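Because the structure is a prediction, the values reported are computed rather than measured.
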Amino acid sequence: MMDSIASAAMSMKAAEFSVQYSTALQRKAMDSMEMAAQELLNMLPDAPPMGQFIDTYA
C-alpha cells in the first residue's frame, strides 16, 4: 500500500511539473509573438498618403 501511495504522489508531482512547464512555454511563446506584433505595428506608416484610398473590398 505504501508503494502505491508513493507512486501516486510521484505521478501527481510529474503531472504538476508537466503542466507548469507547458504553461511557462506558452507564456514565452505569447510574449515573443506580442513583441513581434508590436514591431510589425511600429513598421506601419502613421497615415495613408493623402488623396489615396485603401481598397477594403479587394
Side-chain angles (χ1 to χ4, degrees):
M1 176 155 176
M2 293 299 277
D3 290 338
S4 63
I5 292 173
S7 176
M10 288 176 60
S11 295
M12 191 170 75
K13 201 64 171 170
E16 183 181 328
F17 176 76
S18 176
V19 168
Q20 288 176 348
Y21 181 80
S22 64
T23 302
L25 194 61
Q26 284 179 334
R27 283 185 184 147
K28 181 80 171 167
M30 286 172 36
D31 287 345
S32 65
M33 292 195 69
E34 181 183 8
M35 286 175 32
Q38 287 175 352
E39 289 301 318
L40 286 172
L41 288 174
N42 287 340
M43 288 192 297
L44 289 174
D46 291 335
M50 298 299 288
Q52 295 182 1
F53 298 97
I54 298 173
D55 184 9
T56 58
Y57 292 104

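Separating the CE atom in Met12 from the CD atom in Glu16 is a distance of 7.0 Å, to the nearest 0.5 Å. Separating the CE atom in Met30 from the CZ atom in Arg27 is a distance of 8.5 Å, to the nearest 0.5 Å.
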*Dump the intermediate steps for side-chain contact (heavy atoms from CB on, under 4.5 Å) on Leu40 and Met43, then the final yes or no.*
CA-CA 5 Å; Leu40 286 172; Met43 288 192 297; 3.4 Å; yes
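Using modelled atom types, no side-chain atom of Ser18 and backbone atom of Ala14 make a donor-acceptor pair closer than 3.5 Å.
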